[in-house]
Q: 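Let me give you the structure first, and then I'll get to my questions.
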Amino acid sequence: MNPLLAQFLVEARDQIAATTDGLLGLERAPEDAELLKGVFRSVHTLKGSSGLFDFPALTAVLHAGEDLLVALRERSLLLDPAMLDQILVSLDLVAGWLDQIEDTGALPAGAEDRSAPVIAALRGWLAAPEAASTGRSAARPAEAGGAGLPGWLAGLPEPVLLGAIDRAATTGAPVLAVSYRPEAQCFFKGDDPFALMLQLPDRLHLAVVEPDPWPPLAEYDPFSCVVGFQALTSAPKGEVQHLLRYVAEQSVVLELGVEQLAGLAGTPSARTAAATLLERARPAVSTTAAESLPPPAELPAPVARLVREQVEMLRAVRGGAWAAGCIGAAAKVAANALRYAGRADLAERVFRTGDAALAAGETAGLIDALEAVLAPPPRPAPPPPRTAPAATSTEAGHERASTVLRVDQARIDALMNLIGELVVAKNGLPFLARRAENVYGSREMAREIKEQHAVIDRIALELRTSIMQVRMLPVSAVFQRFPRLVRDLSRKLGKAVELVIEGEDTQADKTVIESLFEPILHLVRNSLDHGIECDRPAAGKPETATVTLAATQDNDQVVIRVADDGRGIDPAAMRRKAVEKGLLDEDQAARLSDADAVNLIFAAGFSTAAEVTDVSGRGVGMDAVRMAIEKAGGRVEVASTVGAGTAVSLHLPLSMAVTRVMTLSVSGRQFGIPMDEIAETVRIPRADVVAIKDKEAFLLRDRIIPLLHLDRILELPPKADAEEIAVLVAHVDKQPVGLAIEAFGEGMEVIVKPLEGPLADVTGYLGTALLGDGRVLLVLNLKEITV
Amino acid sequence: MIRLDGAVIRLEDHCPVEEAEQLLELLQGSDSRTLDLSGCLSAHTAVLQLLLVCRDRITARPPAPALAIVLQTNDAVRAD
């Protein structure tokens with residue numbers, strides 16, 4: 001896949017996630033302009049970048065969505081839940097297509113057909129209020145002035161008007177009046193109306209239309225465009241329209257003939273001046289050059305443009321203290337430009353005229369001199385290099401390099417594997433030290449190797465911690481999918497639910513985070529479907545239920561809590577159900593504590609919901625949650641109070657990549673057991689072992705603990721009876737179990753690789769780990785071997 | 001680029017849209033702050049709008065003619 005597309009896919013997913021978040025936030029706080037802006041920006045960016053590729057259906061859907069958001073921004077539409085549904089559905093469609101694009105590089109066949117109804121639905125919202133707001137849209141043509149000329153033309157400063165008449169008269173071409181009223185949110189589309197106006201070729205005049213009055217500074221919104229622009233130009237209409245092609249709807253371009261311009265002259269003096277200009281212009285059309293100073297060679301376009309800008313500025317000067325500064329600056333700029341163009345003669349003259357004008361405080365002399373320099377008047381103007389400003393602005397944008405890297409996960413995994421191998425290789429050094437001492441009899445050598453080992457050990461540890469940090473993700477990565485889900489579910493079930501998310505900054509390893517989604521999904525569904533009552537006011541509770549999704553870090557574990565304030569789990573009902581299902585007999589059920597009874601919900605094949613709904617499953621839900629979490633090395637707990645709610649806690653290791661194991665030997669073979677399952681190691685005299693029927697047990701601090709012989713379980717040759725037995729006390733499902741072994745080994749950190757291929761079905765093992773001396777260590781799964 | 005130099009807000013080089021918010025905050029920060037545009041080569045419309053609102057606080061005009069023109073009016077001009 002080409003890297004640009006790959007980048008697009010990554011960013012597009014982010015944008016969709018951000019948009020979804022924003023939309024859900026908006027549903028709760030429809031007045032939040034910041035959220036709306038954020039949503040608009042995301043969709044706009046997404047649409048913009050999708051345009052780089054050939055996915056017309058995708059771009060079209062986004063475009064429709066963007067238009068709808070524009071209407072929301074302008075407050076010509078109000079967000080309602082059904083509209084939100086529509087936007088979310090269109091985002092889902094786009095997200096689905098992104099997956100397709102990732103797999104196949106193209107949109108699926110029939111994408112156009114699927115996009116059509118979605119677009120129609122989105123546009124449908126727009127069409128409705130459009131009719132209602134005709135008053136608003138009717139205002140526009142009036143401004144454009146159907147019959148007469150726009151009002152603002154009559155207000156043009158006299159020098160500007162006369163300049164325009166002069167230009168029109170000498171060129172014989174009409175002058176264009178451009179008025180441009182950018183839409184308020186145009187900044188978010190990347191528009192810079194002022195810069196656009198500055199690009200207008202052969203500009204004779206530019207004025208800003210300001211709001212009246214300006215909003216007070218305290219309430220000022222810097223990202224809303226409130227100004228408009230009015231300009232006159234002598235450039236050809238086609239060129240101007242091309243420049244304004246993206247804002248054609250927001251701008252009006254009118255052609256003004258020289259007579260129309262002359263008709264705009266308001267004062268008698270201006271009328272006379274205009275008439276003179278017209279008179280003068282008629283013969284001048286053929287003999288323009290005659291009246292100017294020594295016929296100058298044509299000036300290079302940029303220089304001519306600079307000089308023309310100075311004229312324009314001088315014309316606009318209306319006296320006051322600025323005038324002097326303007327005259328000085330204009331003369332200097334024009335002279336420099338001319339000198340640059342190799343016209344030192346003209347430069348000198350302009351400079352001297354400038355001095356004179358400065359002394360007199362009059363702009364007229366300098367204007368005349370500069371006009372003379374510019375003659376012959378511009379023919380179908382050499383357009384200014386329009387690409388130049390754009391280029392500089394993008395360069396400026398690139399200066400701010402991002403400090404965040406997006407790295408393919410495979411690269412991090414490769415790094416992780418290498419570090420794993422380094423750890424394994426490092427673990428080989430103590431073996432080497434032992435060999436040096438035992439086989440080659442060099443204690444000193446052994447000591448040095450151990451020293452080196454300590455150094456490498458430290459570096460490897462830091463390296464591992466660093467890479468762990470890289471793999472750490474905030475739980476918000478999974479949590480962020482839930483607001484949408486809860487919203488959809490609550491609408492489907494007709495229950496009002498508020499989702500509260502806490503501690504979304506809590507971090508854990510990426511694999512852990514990714515393993516969380518399914519279990520949390522089951523739990524949230526269960527809460528909404530079974531936990532939350534249909535008629536809450538009847539139970540004396542507020543109409544809106546609360547579901548809490550909270551993450552906290554507890555030592556080297558991350559704890560995810562899914563809690564609701566629903567009806568809770570009734571232990572009595574659980575006992576009854578367990579007996580009905582044949583999971584327990586009546587005696588067993590009666591002996592269960594309330595807490596244990598509630599925990600029955602995790603037993604396989606247990607579902608208390610009388611009816612199966614399409615929201616939560618068929619009694620595999622909670623069982624599946626427990627399996628998934630245990631597979632990821634975690635555990636599940638549930639606490640519930642009847643009538644007050646249920647809270648399920650998922651405890652997971654922060655990181656799954658490295659496991660601390662303890663090695664032990666049984667019948668001369670080495671095995672590993674995850675350290676966190678081990679409670680303690682004890683040696684008990686053989687005499688203390690008591691037999692209870694065919695089972696064995698021993699007494700540890702006044703507690704009877706069942707004793708299992710690992711060699712028998714693993715069907716290994718039995719070891720010789722010794723006076724003392726090495727017993728490893730482990731917790732399996734919170735119950736202590738003693739494992740009789742031959743000898744304790746050492747604790748070490750290994751990377752446990754699950755059994756794969758033909759071995760995948762072998763039970764009793766978590767997986768394998770490579771030892772420092774190259775042997776393979778089998779890591780036992782205590783839960784499976786002790787059943 | 002926009003920076004605060006004592007009580008003077010200096011606009012330098014090119015002032016893109018991102019800086020409008022910063023400028024607004026600086027202008028809101030104190031009424032006595034003045035604007036020095038002598039180093040300002042271009043300003044985004046969002047920045048320009050703010051300059052228009054506070055044009056009576058401009059003490060040094062920009063070298064770019066087009067920018068200077070749209071910022072100046074009869075009634076609100078101060079000495080350089």
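Since we're looking at a predicted model, the values are computed, not measured.
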Q: Examine whether an atom of D221(A) lies under 4.5 Å from a heavy atom of chain B, and if so say whether it belongs to the side chain, the backbone or both; otherwise answer neither.
A: neither
Q: Suppose we screen for side chain to side chain donor-acceptor pair (under 3.5 Å). Which residues come up paired with W214(A), at least two apart in sequence or across chains?
A: E210(A)
Q: Output all residues satisfying side-chain contact (heavy atoms from CB on, under 4.5 Å) with A66(B), sequence neighbours left out; order by chain, then residue number.
A: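 Residues passing side-chain contact (heavy atoms from CB on, under 4.5 Å) with A66(B): L198(A), R203(A).
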Q: So if I take each residue of residues 44-52 of chain B and look for any heavy atom under 4.5 Å from a heavy atom in chain A, which residues do I end up with?
A: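 Within residues 44-52 of chain B, the residues under 4.5 Å from chain A are H44(B), T45(B), A46(B), L48(B), Q49(B), L50(B), L52(B).
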Q: Please test F229(A) against V70(B) for side chain to side chain contact (heavy atoms under 4.5 Å, CB included), starting from the C-alpha separation and ending with a verdict.
A: CA-CA 10 Å; F229(A) 294 90; V70(B) 296; 5.7 Å; no
Q: I'd like to check the salt bridge (Lys or Arg N to Asp or Glu O under 4.0 Å) partners of D31(B); sequence neighbours left out, ordered by chain and number.
A: none
Q: Go through the atoms of L24(B) and report whether side chain, backbone, both or neither lie under 4.5 Å from a heavy atom of chain A.
A: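 Side chain only.
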Q: What part of A64(B) gets closer than 4.5 Å to chain A, counting heavy atoms only: side chain, backbone, both or neither?
A: neither
Q: For L67(B), which atoms come within 4.5 Å of any heavy atom of chain A: side chain, backbone, both, or neither?
A: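 Both the backbone and the side chain of L67(B) come within 4.5 Å of chain A.
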Q: Chain B: which of P211(A), S224(A), A207(A), P193(A) shares the most heavy-atom pairs with it under 4.5 Å?
A: P193(A)
Q: I need the residue from V226(A), L206(A), L217(A) with the largest number of non-hydrogen atom pairs under 4.5 Å to chain B.
A: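 With the most close heavy-atom pairs to chain B, the winner is L217(A).
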